[in-house]
Visitor: 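Below: one structure in structure tokens.
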Amino acid sequence: ARVAQRFNFTGSAYTLDAACASSLIAVERACEALRSGRADLALAGGVHLVHDLTFWSVFTQLGALSRSSSMRPFDARADGLLIGEGLGVVALKRYSDAVREGDRIYAVVRGAASASDGRAATLMSPDSRGQLAALERAWAGLNPRELGLLEAHATATPLGDRVELESIRRFFGARGEGEPVALGTLKALIGHTMPASGI
């Protein structure tokens, strides 16, 4: 609300909490507002700057923090995550409006979707079915063979990484010679920025 007041924005202004999916869902909601015509410009982002005792206590009790103090996503030595801090915001417009107004375009969002695992999962035990549902929704009408870079969630927890890799394999399938796909994750460099990680 403070950002909307300062910039004289008159559309919806709100904070949402979807754990580490928060900023991705903010982008999804922003895209919906643009598609529906409820907004002509949307700011979506995430922030993780506050570390309090409760936060550290919960992640310690879950056994999610790396005991080796190294974050190694998709590595056999992965033993948990490191926590990072960060903030990111993107300004989103309909593509035709951005072109007409001469805006600098950094990327085009062609699909955005989300899903949950339902009862099949726990906080530390994700289920591939929810991840596959989100991929299917986000890629509806798009060709998965066009993928060039996949920025992974990559928690560096053995089960989380294994489930994510399985979801990626099942959805995108095997690639042949000359069809490389880069798999990356900034978490390995900066740590898990929780609700800001998707941005």
Side-chain angles (χ1 to χ4, degrees), residues 17-27 45-88 107 112-139 144-199:
D17 182 357
C20 33
S22 298
S23 51
L24 286 175
I25 291 178
V27 169
V47 59
H48 188 244
L49 299 174
V50 178
H51 291 166
D52 61 16
L53 184 59
T54 303
F55 173 88
W56 287 106
S57 176
V58 167
F59 275 83
T60 300
Q61 290 174 34
L62 286 171
L65 300 176
S66 170
R67 285 165 287 299
S68 65
S69 297
S70 296
M71 193 161 179
R72 297 183 176 101
F74 305 122
D75 188 302
R77 299 167 294 164
D79 67 348
L81 53 89
L82 297 177
I83 304 299
E85 292 185 318
L87 172 137
S114 56
S116 294
D117 294 341
R119 287 187 184 167
T122 67
L123 192 57
M124 292 300 293
S125 302
D127 186 274
S128 186
R129 288 173 289 189
Q131 295 175 4
L132 285 169
L135 286 166
E136 288 164 4
R137 292 171 189 163
W139 283 80
R145 306 300 283 192
E146 293 179 3
L147 177 69
L149 166 66
L150 190 142
E151 175 67 18
H153 184 48
T155 59
T157 60
L159 179 60
D161 284 359
R162 187 168 62 248
V163 169
E164 185 173 8
L165 284 174
E166 175 61 22
S167 301
I168 291 166
R169 277 193 214 101
R170 287 176 59 191
F171 184 77
F172 292 104
R175 295 296 175 118
E177 185 102 10
E179 293 184 299
V181 173
L183 178 65
T185 174
L186 284 175
K187 283 189 182 77
L189 302 174
I190 63 173
H192 190 358
T193 57
M194 311 310 272
S197 64
I199 208 71

Visitor: Any donor and acceptor pair, going by atom type alone, linking the side chain of Glu179 with main-chain N or O of Arg145 inside 3.5 Å?
Guide: no
Visitor: Any sub-3.5 Å donor-acceptor pair from Thr60's side-chain atoms to Trp56's backbone N or O?
Guide: yes
Visitor: If only atom types and distance count, is the side chain of Asp17 paired as donor or acceptor with the main-chain N or O of Ser22 below 3.5 Å?
Guide: no
Visitor: Sequence neighbours excluded, which residues qualify as ring pair (Phe, Tyr, Trp, His ring centres under 6.0 Å) partners of Phe55?
Guide: His48, His51, Phe59
Visitor: Once you round to the nearest 0.5 Å, how far does CD of Glu166 lie from CG of Leu132?
Guide: 8.0 Å
Visitor: Taking Ser23 for its side chain and Gly45 for its backbone only, find out whether a donor-acceptor pair lies under 3.5 Å.
Guide: no
Visitor: Keeping the roles fixed (side chain from Arg72, backbone from Ala156), state whether a donor-acceptor pair exists under 3.5 Å.
Guide: no
Visitor: If only atom types and distance count, is the side chain of Glu164 paired as donor or acceptor with the main-chain N or O of His153 below 3.5 Å?
Guide: yes
Visitor: Ignoring hydrogens and angles, tell me if any N or O in the side chain of Asp117 forms a donor-acceptor pair with the backbone of Asp127 under 3.5 Å.
Guide: yes
Visitor: Could you walk me through whether Glu85 and Thr193 pass the side chain to side chain contact (heavy atoms under 4.5 Å, CB included) check?
Guide: CA-CA 5 Å; Glu85 292 185 318; Thr193 57; 5.8 Å; no
Visitor: With rounding to the nearest 0.5 Å, note down the distance linking OG in Ser70 to CG in Leu81.
Guide: 12.5 Å
Visitor: I'd like to know if the side chain of Arg67 and the backbone of Leu65 have a donor-acceptor N/O pair within less than 3.5 Å.
Guide: yes
Visitor: With rounding to the nearest 0.5 angstrom, report the CZ to OG distance, Arg77 to Ser66.
Guide: 11.0 Å
